[in-house]
> 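Mind having a look at this structure? Questions to follow.
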Amino acid sequence: MHRYRTHTCAEANPALAGQTVRLSGWVHRKRDHGSLLFIDLRDHYGLTQIVCDQSDPVFPTLERVRVESVVCVTGQVVNRTAETVNPDIPTGQVEIRAREAEVLSAAEVLPIQVAGDQEFPEDLRLTYRFLDLRREKLHANMVLRSRVISSLRRRMTDQGFLEYQTPILTASSPEGARDFLVPSRLHPGQFYALPQAPQQFKQLLMVSGFDRYFQIAPCFRDEDSRADRSPGEFYQLDFEMSFVTQEDVFAAIEPVLQGIFEEFADGRAVTPAPFPRIPFDEAMLKYGSDKPDLRNPLLIADVSTHFENGGFGLFARGIAGGSVVRAIPAPGAAGQPRGWYDKLNDWARENGAGGLGYIIFAEDGPKGPIAKNLEEDRVEALRVQMGLKAGDSVFFACDKPLKAAKFAGLVRERICDDLGLREKDVFRFCWTVDFPMYERNEDTGQIEFSHNPFSMPQGEMEALETMDPLDIKAYQYDIVCNGVELSSGAIRNHRPDIMLKAFEIAGYPAEEVEARFGGMLRAFRFGAPPHGGSAPGIDRIVMLLAGEPNIREVILFPMNGQAQDLLMQAPSPVTEKQLRELHIRVQLPPRAAEGGSRKGSGDGAAAAAPDKA
RNA sequence: GCGGGUGUAGCUCAGUUGGUUAGAGCGCUGGCCUGUCACGCCAGAGGUCGCGGGUUCAAGUCCCGUCACUCGCGCCA
């Protein structure tokens, strides 16, 4: 008989009745009746009930053992009597009559409980992540993640993509997010950077003729966290293809994503491919966002014409000054109490708007301060344009176009939730396409790249030479699911001449571009195929599939919001010897240097003791 | 860096208008219990009410500051 187990805790069944088996696992629960003892033994695969009474030699051992201890139990599989069958668990028809029992590892009293679904504070869960990971939900999330990744790999290789590894220690990139830096021992004063994404490497792979690349790629960005953004590191399904148009990229990745979501949707509906393509301008107008949540049925519309020179002076004056008015429908909201409208108005002010105007289309006519002042025929024309009827309401955002669009987008989401209109149990995909190549920095007035400077402008060189830069679109696209940006991608600019021109428009002289992106430019001067790709975020995909609102629930060992690993104690001070080897002297900020532990346990700041060197 | 929320037993939470010895469930310890499966019953231990200051005869409760966690903004080519 095997030292530890002959079966897993999921395998006990009536067919084994009478056989002697050996199981190892964790004591999930104990039900101690004094002279009769039940133990639920748990492993990765399932749960099996162990039973013994005081006449059994193992009784003293098992009675003493604490939950979450690891035990090895040997005994006979016996069928339960009809009254004692537990239909709630797969192994509930049988139990193991314990003959031998060995405690392989005794557990101390637990800081968080594994059995049950009680909630625990997140810092405690992170400190004892290995216990949290034993719990049903988190354990299942990690298994789901593993299966999703393995299915993604299969789907990509089936389409002719090959997986390659790119460096983790690389060069700091001059654009983008803040880098994580790694000091060089051999080159004093110089640093590696962890890749924010394998962007340049995958383009070089195309230049190197590999045609179709993918990687489950770790990416590192030193940016602050969000519920859907883990600090420090995350994973992308990074891919790139040669000799492709934008539509070719869509056609390659749509079946992968659609297939993955179908495979793990568990009954939830998935947008069939091809996914809707929404131009950026349309997305900003109708949804007030470049990542529209299509589960939200509300559509924003521009209603400026109805207010222009109209009786509602605030909006009329705004329009004269370059503002627009966007309308957000609120179907069925006419019956909402006055307090709801007041609450929304307060909320709007908290979010930086002057307020939130509205018209209530009551059964006996339009109501509210705007309806009181705007001419009757204009109110009616607005109602017709929005397709509203008695019983509905409509809200307004009046501001400069971009601000009005973004605020209308916030209102659209808020109204949807307040009215309970969001579609459930569904994954709604879309592409946002035709992002602008450039935008004007509102502070400086300068023309800047609005996204990736390496994207190919639509119209290529001719567009750059003849068009208003602000009218040029890029072959730049995002894939969005339920309002979550899963990835952005682009057809790349593989032509040095177009790239130099594109940078020139954004105010970078050729010498500076050569200095900053010389490696890429050099590669493109020796025969570069047209290419493009994208990089869907794996953590976010799993988060959506697991139905988790927080990305940490789908990551094995995540850091907390302050980018600390509470289990492994990172970041942490290093020895003087290590610092000397790296030619590093630490210069702490004043508050940390005073010995005050400004954040966390404080050991990161206080213990570095920089001036001993 | 900024704003919102939270902070009471190991954990989840209750705690009235500021008023006697700060409670409950889970967990823990001890006792009882031979068919439970969230076992049940009895008893017990366990508290710097995040921390510091203030107001008051009296503060878990009111005020100020601060720390931690979390959500959002900034940031995220």
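Per chain, numbering begins at 1; letters A, B, ... match sequence-line order. The analysis underlying the following values was restricted to heavy atoms, covering all of them including side chains, and did not include hydrogens, waters or symmetry mates.
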> Considering only heavy atoms and no angle criterion, is a donor-acceptor pair shorter than 3.5 Å present between the side chain of E95(A) and the base of rG35(B)?
yes
> Tell me which of G176(A) and Q113(A) sits closer to the 5' end of RNA chain B, going by the nucleotide each one is nearest to.
Q113(A)
> Between D434(A) and Q458(A), does any side-chain donor sit less than 3.5 Å from a side-chain acceptor?
yes
> In the structure shown, which nucleotide is the Watson-Crick or G-U wobble counterpart of rA38(B), with both distances under 3.5 Å?
none
> Touch check for E119(A), heavy atoms < 4.0 angstrom, all strands: base, sugar-phosphate only, or nothing?
sugar-phosphate
> For atom C1', what is the distance between rC37(B) and rU21(B), given to the nearest Å?
40 Å
> Under the side-chain hydrogen bond (donor to acceptor under 3.5 Å, both in side chains) test against R134(A), which residue among H28(A), E68(A), H44(A) passes?
E68(A)
> Need one value for R516(A): base, sugar-phosphate or nothing, where a base atom within 4.0 Å counts as base even if backbone is also close, heavy atoms only.
nothing
> Could you tell me whether the phosphate oxygens of rU36(B), OP1 or OP2, come under 4.0 Å of any side-chain nitrogen or oxygen in R80(A)?
no
> Identify whether any heavy atom of N550(A) sits under 4.0 Å from a base atom; if not, whether one sits that close to sugar-phosphate; answer base, sugar-phosphate or nothing.
sugar-phosphate
> Quick check: closest heavy atoms across Y287(A) and P292(A), and the distance to 0.1 Å?
CG-CB, 3.4 Å
> For L36(A) and P121(A), take the nucleotide of RNA chain B holding the closest heavy atom to each; which residue's nucleotide lies nearer the 5' end?
P121(A)
> For rU29(B), does either OP1 or OP2 sit under 4.0 Å from a side-chain N or O belonging to R66(A)?
yes
> Are there any protein N/O atoms within less than 3.5 Å of an N/O atom in nucleotides 39-41 of chain B, and if so, which ones and at what distance?
residue, atom, partner, partner atom, Å
rC39(B), OP2, R31(A), NH1, 3.1
rC39(B), N4, D32(A), O, 2.3

> Taking rC62(B) as the reference, what is the distance to rU6(B) when you measure between their P atoms (whole Å, please)?
12 Å
> rC69(B), rC37(B), rA77(B): which one has an atom nearest the side-chain heavy atoms of T84(A)?
rC37(B)
> Among the candidates rC76(B), rC69(B), rG27(B), find the nucleotide nearest to the side-chain atoms of V109(A).
rG27(B)
> Are the ring centres of Y213(A) and F239(A) closer than 6.0 Å?
no
> Who is the Watson-Crick or G-U wobble partner of rU16(B), with both distances under 3.5 Å?
none
> If I pick the C1' atom on rG47(B) and the same atom on rC42(B), what distance separates them, to the nearest angstrom?
24 Å
> Quick one: does R229(A) reach the base of rC76(B) with a side-chain donor-acceptor pair under 3.5 Å?
yes
> Distance check, C1' atoms only: rG18(B) and rA58(B), in whole angstrom units.
8 Å
> Look at all strands and tell whether G561(A) reaches a base, only sugar-phosphate, or nothing, counting heavy atoms closer than 4.0 Å.
sugar-phosphate
> Any base atoms under 4.0 Å from L110(A), or only sugar-phosphate, or nothing? Heavy atoms, all strands.
nothing
> May I ask you to say what N86(A) touches in the nucleic acid, namely base, sugar-phosphate or nothing, with a heavy-atom cut-off under 4.0 Å?
base
> Please give the distance between the C1' atoms of rA38(B) and rC26(B) as a whole number of Å.
10 Å
> At 4.0 Å (heavy atoms only), tell me whether Q49(A) reaches a base, stays on the sugar-phosphate, or touches nothing.
base
> In terms of side-chain geometry, is the basic nitrogen of R226(A) or D228(A) positioned less than 4.0 Å from the acidic oxygen of its partner?
no
> Scan every strand shown for a Watson-Crick or G-U wobble partner of rC76(B), both distances under 3.5 Å, and answer none if you come up empty.
none
> Among side-chain atoms of N560(A) and E122(A), is any donor-acceptor pair under 3.5 angstrom?
no
> How would you label the contact of Q199(A) with the nucleic acid (heavy atoms, under 4.0 Å): base, sugar-phosphate, or nothing?
base
> What about the rings of F517(A) and F503(A), do their centers lie closer together than 6.0 Å?
yes
> Answer with yes or no after comparing the ring centroid distance for F435(A) and F280(A) against a 6.0 Å cut-off, counting only values under it.
yes
> Under 4.0 Å from OP1 or OP2 of rC69(B): is there any side-chain N or O of Q562(A) that close?
yes
> Keeping the roles fixed (side chain from D43(A), backbone from G46(A)), state whether a donor-acceptor pair exists under 3.5 Å.
yes
> Indicate, with a heavy-atom threshold strictly under 4.0 Å, whether F120(A) touches base, sugar-phosphate, or nothing.
sugar-phosphate
> Rounding to an integer number of angstrom, what distance separates rG52(B) and rU70(B) when you compare their C1' atoms?
23 Å
